[in-house]
Amino acid sequence: MNQPRLSLSPETFQDFYAQTARPLKSYLVRLTGNAAVADEVLQEAYYKFLRAELPALGERERKNYLFRIATNLVRDLYRGKVEGALPLKETVHSTEEESRLEQVPMKSDVGKVLNTLKPRERELVWLAYVEGSSHREIAEIMGLREVSIRPMLFRVRQKLAELLKSIGYCERMVM
Amino acid sequence: MDPCAFETKVLEAAHRGELPVDLAAHAASCATCAETLLVASFLGEETKAEVPPPGLVYWKAELRARRDQAERAMRPMRAMEMAALILLCAVAVGLGAMSGSWVLPAIGVGFVAAVGGLGWVVKTYLVRG
Ligand SMILES: [Zn+2]
């Protein structure tokens, strides 16, 4: 039997992984609120990526494609489509029942603040403000129309900014 | 909603963690950029994450790909086995109908079921280990 083909050689994968694994893990931890689940989704996303028959893609496109796979996997988790997966809730509150889902809870303020957002809002702000993805890239990753990104982002940014002000957060920037 | 031409520059500066004086002055008077700065600097505060080693992820992917391929290769064989069992059942029933007795087909179907069941036990518990 022929060896099944993976879309990247071990060497190329190593470079790709070095560039993408940490940002992807951070993104997944923020989306799922659970580091262990994030690890599982991360490995599944790379597997799907490696098994995909990809056209020649640039570095940035490859990364966007990986993020799209991961975003869809997390959405499947929310819908309970992934076998043996933890059922994630729309918004993770810290009730007794739901804290069971958070094997590695988000201790930081970032986690707590993101938990107040809806899953799509979390995807959106993380891609825009941490990954620095363009509106076109966000639309591609999230499976939305590019024109809808700006108003959505505007609303979420406003919501987050108000929340941050209410908890007394001030940005720390070097000038 | 009022998009601002400086928003991208402010965002890039937030990622670098360094805000030039002119952009800072602009953000002080622009609600859009002030919000962008606030949100981006907050979210960017904690982005370090532990990840599994790349070699392990790749190795697992190779292993799983091989397993998936083997499973796919087995599918036509399973379909043929099922077809053979159905055919044998049909032959047994046909013989019974022709002979006018249900004893023969009952034995035939029982035999086919026993063979099928035994095959399944062997495959499931002995071959796969
Ligand atoms: Zn501005």
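Fair warning: this is a prediction, and the values are worked out from it, not measured in the lab. What's counted below: heavy atoms across the whole structure, side chains too, no hydrogens, waters or symmetry copies. A note on names: the letters A, B, ... follow the listed sequences, proteins ahead of strands, and every chain is numbered from 1.
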Shared ILVMFWY cluster between [X] and [Y], side chains joined below 4.5 angstrom?
X: A:Met142; Y: A:Phe49; answer: yes
X: A:Leu57; Y: A:Leu66; answer: yes
X: A:Leu117; Y: A:Leu127; answer: yes
X: A:Val130; Y: A:Leu164; answer: yes
X: B:Trp59; Y: A:Tyr47; answer: no

Inset, instruction - Side-chain contact test, heavy atoms from C-beta onward, threshold under 4.5 Å: evaluate it for A:Tyr129 versus B:Thr36 and give yes or no. - result: yes
Legend entry - Any B:Glu7 side-chain heavy atom under 4.5 Å of A:Arg157 side chain: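 Result yes, sub-4.5 Å side-chain heavy-atom pair found.
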Against chain B, label [X] side chain, backbone, both or neither, depending on which of its atoms sit under 4.5 Å from a heavy atom there.
X: A:Ala128; answer: backbone
X: A:Leu8; answer: backbone
X: A:Val156; answer: neither
X: A:Ser9; answer: backbone

Inset, instruction - Check whether B:Arg67 gets within reach of chain A through its side chain, its backbone, both or neither, counting any heavy atom under 4.5 Å. - result: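 When you check distances to chain A, no heavy atom of B:Arg67 falls under 4.5 Å.
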Inset, instruction - Would you mind checking which part of B:Glu62 comes under 4.5 Å of any heavy atom in chain A, side chain (CB onward), backbone (N, CA, C, O), both or neither? - result: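 For B:Glu62, heavy atoms of backbone and side chain both lie under 4.5 Å from chain A.
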Quick one: closest heavy-atom pair of [X] and [Y], and the distance?
X: B:Val57; Y: A:Tyr17; value: CG2-OH, 3.5 Å
X: A:Ala161; Y: B:Val39; value: N-CG2, 4.0 Å
X: A:Val113; Y: B:Phe42; value: CG2-CZ, 3.6 Å
X: B:Ala61; Y: A:Leu50; value: CB-CD1, 3.6 Å

Legend entry - Separation between CG of B:Leu43 and CD of A:Glu131, rounded to the nearest 0.5 Å: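 It is 11.5 Å, given to the nearest 0.5 Å.
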Legend entry - Point-to-point distance, once rounded to the nearest 0.5 Å, from OH of B:Tyr58 to CG of A:Leu6: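 With rounding to 0.5 Å, OH (B:Tyr58) is 4.5 Å from CG (A:Leu6).
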Legend entry - Heavy-atom neighbours of A:Glu59 CD exceed 12 at 6.0 Å: no
Legend entry - Pairs of heavy atoms under 4.5 Å with chain B: top-ranked of A:Gln14, A:Gln43, A:Glu162: A:Gln43
Inset, instruction - With a 4.5 Å cut-off on heavy-atom pairs, point out which of A:Arg155, A:Glu44, A:Lys165, A:Lys48 contacts chain B the most. - result: A:Glu44
